Amino acid sequence: MPELPEVETTRKGIQPYLENTTITAVIIRHFSLRWPIANNLAEVLTNKIIHRVSRRAKYLLIEFGNSTLMIHLGMSGSLRVLDKLAQDKPGKHDHLDIELSNGHILRYNDPRRFGSVIWTSEPISQHRLIAHLGPEPLLKEFNAQYLQHQAQSKRCSIKTLIMNGKVVVGVGNIYANESLFLANIHPRAVAKSLSLIQYIDLTEQIKSVLQRAIKSGGTTLKDFTNSDGKPGYFAQHLNVYGRKGESCFICKSKIQHFKDSQRATYYCPLCQPETN
DNA sequence: AGTATCTCCTGCGTGC
DNA sequence: TGCACGCAGGAGATAC
């Protein structure tokens, strides 16, 4: 389940193979994704030169100068770079191959089909999927004052707030759980009731946990073209996520679990007290 | 406008 | 070993 660090790791992994190369062919095996792949995608991409591979939120942006291919990995999507000569047979969920002039193939795989592949000639910041997004969590504009200000007009829990893409992008369920643990904040705490001190701690923990995850993803980048295509997503040590009933590493209390907005939520009852 | 709920889909773990 | 079932989950769409 790619979160922001995984998407950024993927971006770094594919970038050297893509930039300044020409797309020579596009093979679409399954059009059905979150939104169907456009019928004319192969036609519009063929012979285009890739200028840059960037990212906004969890969207990978393959830029062509005056148009962009937006790729979202959804829940289960992945991208791999293959050597054309190796002739790797496509698997069941390999939806898309983008063949490049340098002899490589970018292959998109997505078993659960929650991802998307969208071509647009709109300025990317104005695209409907991008225009209303909050700031990137690793930039300075995402800080305690900003987040506290965002909370003032809302009555949601702090976990719901940081997972809201209009407030801040890229904080998925795993990292929301982990950063709240690290900041000793109960996930159900009412967002606007938290102090500035708590927001300072929380924003720092969000940045820190994401940065560490990106770094750990980077350590396995050299394996990016391997057949499994998985750049070590979960090498990172998790304190609470998925640890229901296990002992807290800090205080040995049993990790608790409940559902918040249909999302699995984990916390330590001692380290993250209800009231603070 | 803010908030909660629904929805897409397949693989995996569990229980029999 | 096999089957049925429930669940997970990003985030846009929809209904209040």
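Because the structure is predicted, anything quoted here is derived from the model rather than measured. Residue numbers begin at 1 in each chain, while the letters A, B, ... track the order of the sequences.
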Worksheet, complete the sentence: On DNA chain B, more 5' by nearest nucleotide between K154(A) and H93(A) is K154(A)

Could you give all pairs that pass the ring-ring contact (aromatic ring centres under 6.0 Å, His included) test and reach [range], with sequence neighbours left out?
{"range": "residues 34-58 of chain A", "result": "none"}
{"range": "residues 58-88 of chain A", "result": "Y59(A)-H72(A)"}
{"range": "residues 105-164 of chain A", "result": "none"}

Practice prompt. Kindly work out whether a path of hydrophobic side-chain contacts (I/L/V/M/F/W/Y, heavy atoms less than 4.5 Å apart) joins L161(A) to L182(A).
Written response: yes

Worksheet item: With hydrophobic residues grouped by side-chain heavy-atom distances under 4.5 Å, do L238(A) and I214(A) end up in a single group?
Response: yes

Item to complete: Check the geometry between F114(A) and dC9(B) and answer yes if their rings are stacked (centres below 5.5 Å, planes below 30°), otherwise no.
Response: no

In this structure, how many angstroms lie between the [atom2] atom of [N] and the [atom1] atom of [X], rounded?
{"X": "Y175(A)", "N": "dA11(C)", "atom1": "OH", "atom2": "P", "result": "13 Å"}
{"X": "F258(A)", "N": "dC7(C)", "atom1": "CZ", "atom2": "P", "result": "17 Å"}
{"X": "N109(A)", "N": "dG11(B)", "atom1": "CG", "atom2": "C1'", "result": "12 Å"}
{"X": "R263(A)", "N": "dG12(C)", "atom1": "CZ", "atom2": "P", "result": "12 Å"}
{"X": "M75(A)", "N": "dT10(B)", "atom1": "CE", "atom2": "C1'", "result": "10 Å"}
{"X": "K92(A)", "N": "dC12(B)", "atom1": "NZ", "atom2": "P", "result": "10 Å"}

For [X], salt bridge (charged side-chain N to carboxylate O under 4.0 Å, His left out) partners two or more places apart:
{"X": "E246(A)", "value": "R243(A)"}
{"X": "D201(A)", "value": "none"}
{"X": "E99(A)", "value": "K84(A)"}
{"X": "R107(A)", "value": "D94(A), D97(A)"}

Worksheet item: Hey, does R155(A) reach any base, or is it just sugar-phosphate, or nothing, if we go heavy atoms under 4.0 Å?
Response: sugar-phosphate

So which nucleotide from [options] ends up closest to the side chain of [X]?
{"X": "Y59(A)", "options": "dG12(C), dA11(C), dG11(B)", "result": "dG12(C)"}
{"X": "H72(A)", "options": "dC9(B), dG2(B), dA11(C)", "result": "dA11(C)"}
{"X": "P111(A)", "options": "dT3(B), dT10(B), dG12(C)", "result": "dT10(B)"}

Practice prompt. Might you point out which heavy atoms bring K58(A) and L4(A) nearest each other, and give the distance in Å?
Written response: CE-N, 3.6 Å

Worksheet item: If only side-chain N and O atoms of R113(A) are considered, is one of them under 4.0 Å from the OP1 or OP2 phosphate oxygen of dT10(B)?
Response: yes

Practice prompt. Can you sort out which residues in residues 120-132 of chain A have a heavy atom within less than 4.0 Å of DNA chain C? Ascending by number, please.
Written response: R128(A), L129(A)

Worksheet entry | For DNA chain C, the residues among residues 162-173 of chain A that have a non-hydrogen atom under 4.0 Å from it | N173(A)

Fill in: Interface residues of residues 28-38 of chain A with DNA chain B (non-hydrogen, below 4.0 angstrom)
none

Worksheet item: Could you give all pairs that pass the side-chain hydrogen bond (donor to acceptor under 3.5 Å, both in side chains) test and reach residues 264-273 of chain A, with sequence neighbours left out?
Response: K159(A)-T265(A)

Worksheet item: Do S76(A) and D110(A) meet the criterion of a side-chain donor-acceptor pair at a distance under 3.5 Å?
Response: yes

Worksheet item: Taking five pairs at each end, how big is the angle between the two axes of the helix from dG2(B)-dC16(C) to dC16(B)-dG2(C), to 10°?
Response: 40°

Worksheet item: So which of I118(A), V53(A), L41(A) actually passes side chain to side chain contact (heavy atoms under 4.5 Å, CB included) with L69(A)?
Response: L41(A)

Item to complete: Determine, step by step, whether L100(A) and T22(A) satisfy the side chain to side chain contact (heavy atoms under 4.5 Å, CB included) criterion, reporting the C-alpha distance in whole Å, the side-chain angles of both residues, the deciding distance to 0.1 Å, and the verdict.
Response: CA-CA 6 Å; L100(A) 304 165; T22(A) 302; over 6 Å; no

